[in-house]
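Have a look at the structure below before the remarks.
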Amino acid sequence: MAKHIFVTGGVVSSLGKGLTSASIGLLLERRGLKVRMQKFDPYINVDPGTMSPYQHGEVYVLDDGAETDLDLGHYERFTNAPLDRDCNYTTGKIYLSIIEKERRGEYRGKTVQVIPHVTDEIKACIRKLAVPDVDVVITEIGGTVGDIEAMPFFEAIRQFALDVGKANCLFIHLTLVPYLKAAGELKTKPTQHSVRELREIGIQPDVLICRTEREIPSDDIDKIALMCNLERRAVIEEIDREFSIYEVPLSLKGHKLDELIVERLNLKDAQALQMRDWVVMVERIKSHILEPNPARTVTIAVVGKYVKHRDAYKSVYESLDHAGIAHNVKIHLERIESEQIEEEGTDQLLASADGILVPGGFDKRGINGKVDAIRFAREGKIPFFGICLGLQCATIEFARNVLGLTDANSTEFDPTTPHPVVALLDAQRKVTHIGGTMRKGAYDCALTEGSHAAIAYHSLLVSERHRHRYEVNNDYREQLVKAGFAITGTSPDGGLVEVIEIPDHPWFLGVQCHPEFKSKPTAAHPLFRDFVGAAFTRKQTK
């Protein structure tokens, strides 16, 4: 029978429940246990797919095409737990399912209510992951205790503990212990109030993780334990990480959280903790911060539309860091608004870049800035990596500046362009200007032998995740290729362009997929790894 861990938060949002959940999953996996992970989000949107990155950060896409919360990216970067659409539910998704059942008459005329129907639906979602070969299911509840929209989820997990037995459930609650500069002391009262509010719902936390900027005095730990009805060892201090989010699992290990979980849930199959590779990886990150070496610092310019919001390209930034770890170099990020390039030009903004990356996005704002940045990379022989929209902009740039099709564009940005080098494609892979559905999830790609992509992957057939609607227009493929625009990756039937390169360039590569979703700190994605490697080589030879 699978055991369950529920992770909740209090006092304020953005405490790091996702990182904590992922870290717990990592620790349990490193003790030989099979883990599944899941997040409930209280907002009413069915999924984050239609939400602005400024609202909710990046949309994280899974192999099955599910558009999910960015915390699932933490789950995949930290663990090997398989993720699918059953691993992220929103209030909207829960209620949509209930309303569809009601319309089909499945409730047999009953009055549909929050209790039991909504809570039963939530509990059913938890049970989906508790299959026979799973040892522990970790479920994160988004939002903060006391939020009105989160109440059905808290009620559901309270009931769930009764359904499966308290011995099979563990409640971990994150709170904030703030430091008041004027008073010169940490304050435990917000934590006490948060736990009291949770207990009023009927949930007694088993473990309390206290986020703090400063070390919590021993007397305050004793006070929190006493007032919150917990053993002292179950009150865990979590000081803000100085160097990297990848320190969090090691911090929790230092507080013996994994041992406490194994004991409380009676996980008899747990083995000795194996974290050596993770420790080495973290030490490598710390060494570059503690002993900065300009010779081993690579400057990557990310030219995007949403760079003001750090979480909008969360997986891209993490993947660059992973590549830096692989090459034992520090990544210095320069986040550049593409509209700023339109106003100020490329020469000054991109002069210090060892590599230029253009990530995904939608709509026409800042497109010409991205195109200008790509031209700067192509003509200046600067390593370039284009992701999704980055590939499309690279196609537009080449058509305009090499083929001489000055009005070349995507029909997403200019529906009346005379040269739609990027467009919606119909089922026969012909260009169309209407309709079209988004291509989401994992798709295979056949690579050309000897290409940068094939060398990076060490394979001629790969699978990557997609989230886009527009494609390179097949009507222009022959023209582009003849001019030196290499198409080095396509769908297995050859109908869709997946990878493009410039052969007479040190490293110029664009992909239609989102490889950032399959990178880990201990296993950098091959394309990010080789892109950073090319940037580092350029730095050394400048």
Salt bridge or not between [X] and [Y]? Use side-chain N to carboxylate O under 4.0 Å.
X	Y	answer
K253	D258	no
R233	E263	yes
D269	K34	no
R465	D64	no
D41	K39	yes
D220	K223	no
R211	D240	yes
K93	D47	no

So with a 6.0 Å cut-off around [atom1] of [X], is the heavy-atom count from everything else above 12?
X	atom1	value
I289	CD1	yes
L290	CG	yes
E231	CD	yes
E213	CD	no
M227	CE	no
K166	NZ	yes
E215	CD	no

Atom of [X], atom of [Y] and distance for their closest heavy-atom approach:
X	Y	answer
M37	A81	CG-CB, 4.1 Å
L230	P205	CD2-O, 3.0 Å
C388	G360	CB-CA, 4.2 Å
K17	G143	NZ-O, 3.1 Å

Discussion item. For H322, run the ring pair (Phe, Tyr, Trp, His ring centres under 6.0 Å) check against F528, Y317, F531, Y246 and tell me which one passes.
Written reply: Y246
Item to complete: Tell me, please, which residues at least two apart from R30 pass side chain to side chain donor-acceptor pair (under 3.5 Å).
Response: D277
Worksheet item: What residues form a side chain to side chain donor-acceptor pair (under 3.5 Å) with D219, not counting sequence neighbours?
Response: none
Worksheet item: Parallel, tilted or perpendicular for F6 and F160, by the 30°/60° rule?
Response: perpendicular
Discussion item. Check the orientation of Y313 and Y306. Use parallel for under 30°, tilted for 30 to 60°, and perpendicular for over 60°.
Written reply: tilted
Worksheet entry | Given V134, N168, I261, the one that forms side chain to side chain contact (heavy atoms under 4.5 Å, CB included) with K3 | N168
Fill in: Test applied, side chain to side chain contact (heavy atoms under 4.5 Å, CB included); reference residue, I5; option that passes from L28, V137, T139, V35
L28
Practice prompt. List the steps and the verdict of side chain to side chain donor-acceptor pair (under 3.5 Å) for H332 and D354.
Written response: CA-CA 10 Å; H332 172 68; D354 300 311; over 6 Å; no
Fill in: Identified salt bridge (Lys or Arg N to Asp or Glu O under 4.0 Å) partner of R36 from the options D135, D133, D84
D84
Fill in: Candidate pair E121 and S97, rule side chain to side chain donor-acceptor pair (under 3.5 Å), full reasoning
CA-CA 8 Å; E121 188 76 15; S97 175; 2.7 Å; yes
Worksheet item: Stepwise, does the side chain to side chain donor-acceptor pair (under 3.5 Å) test hold for S251 with E238?
Response: CA-CA 7 Å; S251 174; E238 184 54 59; 3.1 Å; yes
Worksheet item: Considering only heavy atoms from C-beta outward, does the side chain of V358 approach that of F384 to under 4.5 Å?
Response: yes
Worksheet entry | Worked verdict on D86 versus K128 for salt bridge (charged side-chain N to carboxylate O under 4.0 Å, His left out) | CA-CA 7 Å; D86 289 330; K128 285 182 180 179; 3.7 Å; yes
Discussion item. Distance alone, cut at 3.5 Å: any donor-acceptor contact between the side chains of S338 and R365?
Written reply: no
Worksheet entry | Cation over ring face, K539 and F536, 6.0 Å, 45° | no
Practice prompt. Can you sort out the partners of R529 under salt bridge (Lys or Arg N to Asp or Glu O under 4.0 Å), two or more places apart, ordered by chain and number?
Written response: none
Worksheet item: Can any side-chain N or O of Q38 pair as donor or acceptor with the backbone N or O of C125 at less than 3.5 Å?
Response: yes
Item to complete: Please step through side chain to side chain donor-acceptor pair (under 3.5 Å) for the pair R199 and Q204, ending with a clear verdict.
Response: CA-CA 5 Å; R199 291 171 69 184; Q204 165 64 50; 3.1 Å; yes
